[in-house]
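Beneath this line is the structure, given in structure tokens, with notes to follow.
Convention: sequence-line order gives letters A, B, ...; per-chain numbering from 1. Predicted model only: the values in this text are computed from it and were never measured. Heavy-atom basis, side chains included; hydrogens, waters and symmetry copies ignored.
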Amino acid sequence: MNVFPPQVWREKETLYRLIGGKCNCGNVIFPYSPVCNKCGSTSVSKIKLSGKGILLQYTVTYQHRPGFEKTQPTYVGLIKLQEGPEIIAPLTDVDEGELKEGDKVEAVIRRIKSDSNNGLIVYGTKFRLIKDGDK
Amino acid sequence: MNVFPPQVWREKETLYRLIGGKCNCGNVIFPYSPVCNKCGSTSVSKIKLSGKGILLQYTVTYQHRPGFEKTQPTYVGLIKLQEGPEIIAPLTDVDEGELKEGDKVEAVIRRIKSDSNNGLIVYGTKFRLIKDGDK
Amino acid sequence: MPNVLISATSMIKIDRYYEYDLMDLATQAVVKLLEKTNENIKPDVVIFSNTYAEKTVSQVSLASKLCNNLGISAMPIRIENGDASGGAAVSTAYYLLKSGEIKSALIVGAEKMGDFPASYLNEIVSENLNEKYQEKVGLTTQSFSAIQMKEYMKKYGVTYDYFAQWPVYMHKYGSENPYAYLKFPVDLKTVKESQLVSDPLRIFDTAARADGASAILMTNEELGKKISENYVKVKAVGFSTSEFRIGEIPSVHGALKTLGDVKADLMEIHDSFSINAALILEEMGYPRGKSLDNLNEIPVNPSGGLKSRGYPGGATGIYQVSEITQQLLGVFPGHRISGNKGLVISTDELGTSAYTILLER
Amino acid sequence: MPNVLISATSMIKIDRYYEYDLMDLATQAVVKLLEKTNENIKPDVVIFSNTYAEKTVSQVSLASKLCNNLGISAMPIRIENGDASGGAAVSTAYYLLKSGEIKSALIVGAEKMGDFPASYLNEIVSENLNEKYQEKVGLTTQSFSAIQMKEYMKKYGVTYDYFAQWPVYMHKYGSENPYAYLKFPVDLKTVKESQLVSDPLRIFDTAARADGASAILMTNEELGKKISENYVKVKAVGFSTSEFRIGEIPSVHGALKTLGDVKADLMEIHDSFSINAALILEEMGYPRGKSLDNLNEIPVNPSGGLKSRGYPGGATGIYQVSEITQQLLGVFPGHRISGNKGLVISTDELGTSAYTILLER
Ligand SMILES: [Zn+2]
Ligand SMILES: [Zn+2]
């Protein structure tokens with residue numbers, strides 16, 4: 001799968017900085033979109049999400065896509081972000097049996113994939129557990 | 001561009017053997033299709049085309065697709081096959097200035113492209129001039 | 001306003017056809033269909049229902065190519081709406097015919113998914129995820145489904161065995177369907193011990209991805225009755241969109257609501273995952289947390305569904321409509337359910353859009 | 001049967017938007033459109049017109065995603081018909097509205113072609129060629145066009161200079177169009193000395209591939225008049241398919257024939273190559289072998305066409321309809337042609353299918 005640099009670069013606010021949208025109606029959107037997906041308003045401003053959240057649910061996935069072989073198996077979580085949105089996202093730095101519902105998690109930047117054709121490495125946001133003593 | 005072997009293998013009758021279709025109405029089709037593109041009949045039988053034809057027109061193309069770098073520039077002809085169909089097809093073993101309308105051509109199997117990802121080489125039919133003394 | 005009929009249907013067996021390309025399969029389905037009509041049809045509209053042709057066969061302009069291969073001139077439309085492409089195609093044709101200006105529409109669903117290893121197929125199907133984040137960070141739809149399952153298990157206190165009932169039923173039905181890809185029965189033990197895809201989701205909970213093609217001819221009443229005496233009516237269609245949500249599929253709810261109070265005698269639903277079957281049935285009013293416990297009483301997916309009949313991407317919805325049509329006419333060559341009203345629920349992989357199609361004998 | 005109106009249109013400048021993805025562009029066009037309507041529109045149908053999204057951005061389910069991003073529930077359809085996707089989308093919406101059951105359709109054309117080097121773009125566009133032979137042996141559409149040119153030159157005894165007149169005119173018009181990608185005039189010498197793509201075809205004869213998005217709102221008359229006083233009527237649509245043929249574009253001939261005897265005051269045509277412009281004009285009745293000699297007398301492509309306004313794949317036809325609508329309303333911000341009847345001819349790259357759309361003030 002070829003990755004062309006602009007396709008990753010242009011998503012940098014989403015992938016690296018966790019920029020979301022906040023509508024006048026109170027709805028918080030991730031990724032950012034200029035139109036509110038609840039009320040249809042265009043009064044949506046950009047906000048930087050804290051990256052803190054609660055792990056509501058998780059799974060361990062044993063199938064992968066080409067270019068993602070190095071992170072097998074993949075831990076994936078349903079996360080309620082502090083600002084409201086519930087998202088499904090990859091987890092990182094996790095050992096099996098360590099996860100439980102209700103765990104606190106935080107966003108970190110990690111290598112996502114590498115393109116064998118042009119050597120491009122894609123980075124992006126994953127989530128890791130906030131362990132006791134971390135804070 | 002990944003090439004998966006079945007995608008090439010299954011077109012072997014077209015790419016290597018120049019199999020066309022002949023309808024009861026007399027219409028000859030290339031590539032083969034079980035339905036006649038003139039009369040809509042399904043009375044179409046497979047025929048092996050001779051590969052002989054007349055060069056009606058040609059062009060030299062200086063743009064290429066990935067994987068076709070080795071055949072730059074590409075000579076492409078409008079060919080009237082002996083059995084009737086007019087097709088547009090790559091020419092091979094041609095030097096600039098050598099082609100003219102009305103030339104006799106014949107089908108030959110040549111390397112089409114190589115896939116850098118899996119080393120697969122795709123072969124297929126191109127056309128070359130029948131030169132004086134060849135026959 | 002003109003009544004809309006389905007005047008003819010055809011299917012080929014869902015399988016891995018290494019020897020045929022996309023247009024070969026589409027053409028085969030059309031040839032089978034034409035054999036069933038009294039006269040040589042020149043449809044006003046040709047709709048090609050397909051989701052993944054660019055990635056799988058490097059092709060676009062599918063409907064135009066099909067027209068030109070068939071030697072007909074028509075209004076060419078390729079319709080894509082993820083795995084609900086079939087529902088979108090049939091619903092579009094329904095309204096085209098309702099206009100009165102279009103008299104006939106040939107709809108061909110065809111997809112090639114059989115050439116690829118699982119990882120590449122996951123890549124293809126991940127095109128359903130959003131571009132900014134989900135697709136980029138390497139997620140697969142299976143993870144979404146596994147999380148959906150775990151939340152369901154927690155909410156209703158059921159174990160994995162609850163979901164395993166679905167593939168068992170589907171394979172029971174599919175083993176009777178000559179067009180089914182995985183045409184064999186499985187027992188509970190086989191399902192429970194099958195490959196773990198994304199805990200707790202197992203391979204038998206997922207859709208069997210393969211090649212397929214199915215064609216239907218939709219016409220107005222006047223023309224349809226000339227073509228064949230064996231027709232069904234398209235009584236109504238419904239549609240809705242909604243984001244992926246835990247615990248429900250709002251798009252299915254919405255699409256059912258627009259159909260009104262429908263009591264169908266049988267139905268084909270898009271069970272991309274076993275959990276989706278449960279959630280769809282529960283949107284229809286079957287008891288929440290228990291829908292899969294009473295499958296012997298629910299007239300659903302006599303084809304074997306995506307589990308056993310198989311899942312040929314954007315052709316799936318056309319198979320569903322062909323199957324229900326053949327059921328209502330009493331000519332479906334597999335497990336039969338009798339009745340006069342049949343319902344198709346065509347959704348995409350994660351249920352972010354849904355089409356409902358009500359057919360009546 | 002209800003009249004069909006175009007109640008609002010919007011375009012963004014065609015360009016290379018490294019900073020925006022496909023859905024960003026589509027959303028921008030929708031936001032611009034909504035600013036022009038009197039009320040908050042919840043369309044019954046959302047059509048996404050796009051050709052190459054799988055290869056360019058690894059995305060499917062485009063219409064469903066757009067609905068969910070906009071917070072609306074609608075009938076989602078993505079329509080693809082090569083570069084005639086736009087014509088197919090608008091014609092489909094026309095018949096949907098003619099049914100009377102659909103009251104409004106939001107049609108968004110969007111395409112991302114600006115990220116790629118020329119060779120990869122050639123690969124993408126080669127998806128228009130047939131799967132069995134043309135695409136496999138490495139052909140490009142440019143070769144077809146070059147051969148078409150040479151046969152035309154032979155038949156009518158014209159030189160390359162004949163074709164060069166087209167890009168000169170297009171860039172003259174396009175230099176006035178704020179939405180144009182290549183917004184500059186060129187002279188005959190520049191065209192004649194530009195890069196040779198496939199002898200005798202030069203870079204200025206080809207379409208300027210880039211990113212773009214345009215949206216239109218189609219409604220029935222009752223609803224449309226509430227939304228805006230500035231509307232045009234969609235009087236009729238036509239369509240046809242035909243194989244690539246030397247010396248003519250039979251699909252355009254067929255699509256025009258179904259429209260009847262139309263005398264349009266202005267038109268936007270799909271000039272994927274300069275030779276295609278000549279052949280399309282000649283299918284309309286302009287003299288064969290001479291159509292490009294009298295461009296000062298032909299009211300065609302005030303936008304600048306694919307040469308100068310640019311070519312955003314499956315969004316192109318939506319731009320054309322937006323442009324003609326704005327021309328008829330007297331609000332197009334570039335070169336103006338006055339009149340009451342406008343014609344759009346939307347074809348794919350090689351003219352194997354064509355749509356004609358007649359708009360009237
Ligand atoms: Zn809001
Ligand atoms: Zn024939």
Side-chain angles (χ1 to χ4, degrees), chain A residues 1 3 7-8 10-16 18-20 29-33 37-38 55-80 85-92 96 99 101 109-114 122-127, chain C residues 54-55 116-155 160 194-203 205-207 209 241-248 250 273 275 350 352:
Chain A
M1 302 285 89
V3 174
Q7 300 180 326
V8 178
R10 68 168 154 260
E11 308 298 7
K12 59 191 182 305
E13 289 199 337
T14 303
L15 289 174
Y16 308 157
L18 226 60
I19 299 295
I29 310 160
F30 178 82
Y32 169 77
S33 163
N37 61 0
K38 262 212 177 121
L55 185 68
L56 299 180
Q57 193 52 270
Y58 61 90
T59 179
V60 193
T61 302
Y62 300 97
Q63 287 214 357
H64 63 275
R65 290 162 41 191
F68 296 91
E69 293 79 1
K70 286 187 182 162
T71 45
Q72 275 304 103
T74 312
Y75 293 82
V76 176
L78 170 66
I79 294 163
K80 187 173 178 62
E86 291 183 13
I87 69 169
I88 289 184
L91 304 172
T92 188
E96 209 167 342
L99 295 168
E101 299 162 31
I109 303 227
R110 287 287 183 274
R111 172 197 288 240
I112 297 290
K113 71 179 280 193
S114 41
V122 181
Y123 294 89
T125 295
K126 299 185 180 185
F127 289 81
Chain C
E54 274 196 276
K55 277 275 164 77
F116 310 102
S119 71
Y120 192 82
L121 276 174
N122 290 335
E123 182 77 15
I124 292 171
V125 174
S126 75
E127 297 182 328
N128 286 288
L129 301 177
N130 76 35
E131 185 179 358
K132 280 192 198 306
Y133 186 75
Q134 296 165 346
E135 194 276 332
K136 286 283 186 303
V137 297
L139 294 175
T140 61
T141 56
Q142 292 97 330
S143 304
F144 285 69
S145 172
I147 286 172
Q148 185 73 273
M149 280 174 89
K150 284 179 87 173
E151 287 286 289
Y152 188 102
M153 288 160 75
K154 187 170 74 175
K155 184 169 180 183
Y160 175 73
S194 70
Q195 186 195 330
L196 196 59
V197 172
S198 186
D199 185 38
L201 180 84
R202 292 179 181 274
I203 193 88
D205 294 307
T206 67
R209 306 177 282 198
T241 46
S242 74
E243 298 201 350
F244 174 79
R245 202 174 299 167
I246 296 295
E248 52 180 334
F273 301 100
I275 176 73
L350 293 172
T352 63

| field | Salt bridge flag under 4.0 Å for residues K154(C) and E101(A) | value | yes
| note | Across all chains, not counting sequence neighbours, the ring-ring contact (aromatic ring centres under 6.0 Å, His included) partners of Y32(A) are none
| Taking T59(A) as the fixed residue, which of S198(C), S143(C), S145(C) is the one that meets the side chain to side chain donor-acceptor pair (under 3.5 Å) rule? | S198(C)
| message | I need the minimum non-hydrogen distance between P66(A) and S119(C), along with the two atoms involved. | response | CD-O, 3.1 Å
| task | Indicate the atoms forming the closest heavy-atom contact of T125(A) with V137(C), along with that distance. | result | O-CG1, 4.2 Å
| query | Once you round to the nearest 0.5 Å, how far does CD of E13(A) lie from NZ of K132(C)? | reply | 9.0 Å
| Between H64(A), R10(A), E86(A), which residue shows the highest count of heavy-atom pairs closer than 4.5 Å to chain C? | H64(A)
| For the atom pair OG1 (T14(A)) and OH (Y133(C)), what is the distance rounded to the nearest 0.5 Å? | 10.0 Å
| query | To the nearest 0.5 Å, how far apart are CD1 in I112(A) and CG in L139(C)? | reply | 8.5 Å
| task | Sort out for me which of Q134(C), E135(C), M149(C), Q195(C) touches chain A most, counting heavy-atom pairs under 4.5 Å. | result | E135(C)
| What heavy-atom pair brings L56(A) and E151(C) nearest, and what distance separates the two atoms? | O-OE2, 3.7 Å
| field | Heavy-atom pair with the smallest gap, counting every atom of K150(C) and Y58(A) | value | NZ-O, 2.9 Å
| note | Ranking G67(A), G77(A), P31(A), P73(A) by heavy-atom pairs under 4.5 Å to chain C gives rank one to P31(A)
| note | The side chain to side chain contact (heavy atoms under 4.5 Å, CB included) partner of Q63(A) among T206(C), I203(C), L201(C) is I203(C)
| field | Between CD1 on residue I246(C) and CG on residue L78(A), distance to nearest 0.5 Å | value | 5.0 Å
| note | One should read off an interatomic distance between K136(C) NZ and L15(A) CG, to the nearest 0.5 angstrom, of 7.0 Å
| Got a sec: does the NZ of K155(C) have more than 12 other heavy atoms crowding it under 6.0 Å? | no
| request: Please identify each residue that fulfils side chain to side chain donor-acceptor pair (under 3.5 Å) with E11(A), with sequence neighbours left out. | output: none
| query | Which atoms form the tightest heavy-atom contact between D199(C) and Y62(A), and what is the distance? | reply | N-CE1, 4.5 Å
